[in-house]
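Worksheet: the structure to be examined is printed underneath.
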Amino acid sequence: MNVPKIVAMKSKEKISMITAYDYTSARIADEAGVDIILVGDSLGMVMQGKNSTIPVSLDEMIYHAKMVKAGVKNALIVVDMPFMSYQADYVEAVKNAGKIIKETECDAVKLEGGKEFAVTINAIVSAGIPVMGHLGLTPQSINIFGSYKARGKDEREAKKILDDAKYIQEAGVFSIVLESVPKNLAKEVTESVAVPTIGIGAGVHTDGQVLVYHDMLGLFDDFKPKFVKRYAHLKKDAVEAIKTYTKEVKEEKFPTDEHSYE
Ligand code: KIV
């Protein structure tokens, strides 16, 4: 998989994207045939147990992205630029995007924001690094929004998201994540840009979908956003398995001769 192939999928074939944060989860996602694996800064919540993505550092993103890279043969790997790795100025943003790509050998970076980041996006793309955009609910701005509620529900905010999509397309993004926006707005954005849109909580009309690995497999159950569909209940299965193991250890039913050396 590569960036031009993802762009060419628009209007032809829906794009599937999932997050992964380590070798094993990346191998599973890749073997299942997803088109894109996102090393999301959502790792702050599902891997580190933090309340938001804000504390995640550049070095932590690089650490996780290296493990993901080791497990992937086919999918395109996109790495989130964490909070404050690109916001201060575009020169620093180019250097940090370069550090991610050079040290991890992943394919592209993702950053949140619209018109105000057009110069930054253009500078990173000009350095030869593909950029995925992210509009709508942008979790790194949680302290401005004050909640993880859907965005773009009023006319003013909907217009800004639509305008931002055009600005960041012009700046050079190869695709745009639309998070938690009304499905009709996602449809309008999707029809207004030439690059693929990838929705999470954005309805069926986007060019692709993304879900967080731990959410869709039922590994993370601290909370469940409306847009999450659980395709498995692995936490429940894991708790059951470990309970059985503990019981068997205590009752001396494990290990048996089958698991022992002579
Ligand atoms: O960090 C992440 O997992 C994301 C997805 C929710 C798109 O940005």
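Counting convention: from 1, in listed order, for ligands and their atoms alike.
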Is a donor from one side chain sitting under 3.5 angstrom from an acceptor on the other, for Gln87 and Gln140?
yes
Can you tell me which portion of Leu38 lies within the under-4.0 Å heavy-atom range of ligand 1? Options are side chain, backbone, both, or neither.
side chain
Indicate whether the side chain of Thr190 and that of Thr197 have a donor and an acceptor atom separated by less than 3.5 Å.
yes
I'd like to know whether ligand 1 has Lys110 as a neighbour, heavy-atom separation below 4.0 Å.
yes
Below 4.0 Å, non-hydrogen atoms only: which portion of Ile200 touches ligand 1? Side chain, backbone, both or neither.
side chain
For ligand 1 and Glu179, I'd like to know whether there is a polar contact (N/O to N/O, distance under 3.5 Å).
no
Does Lys149 reach the side chain of Ser180, with side-chain heavy atoms less than 4.5 Å apart?
no
Could you tell me whether some N/O pair between Tyr21 and ligand 1 is separated by less than 3.5 angstrom?
no
Indicate whether any N or O donor in one side chain lies under 3.5 Å from an N or O acceptor in the other, for Ser25 and Asp22.
yes
May I ask you to test the Val177-Met17 pair for a side-chain heavy-atom distance under 4.5 Å?
yes
Any idea which part of Asp41 is under 4.0 Å from ligand 1, heavy-atom wise: side chain, backbone, both or neither?
both
Can Glu112 be said to touch ligand 1, with heavy atoms closer than 4.0 Å?
no
Which of the numbered atoms in ligand 1 are below 4.0 angstrom from a heavy atom of Thr19?
3 (O)
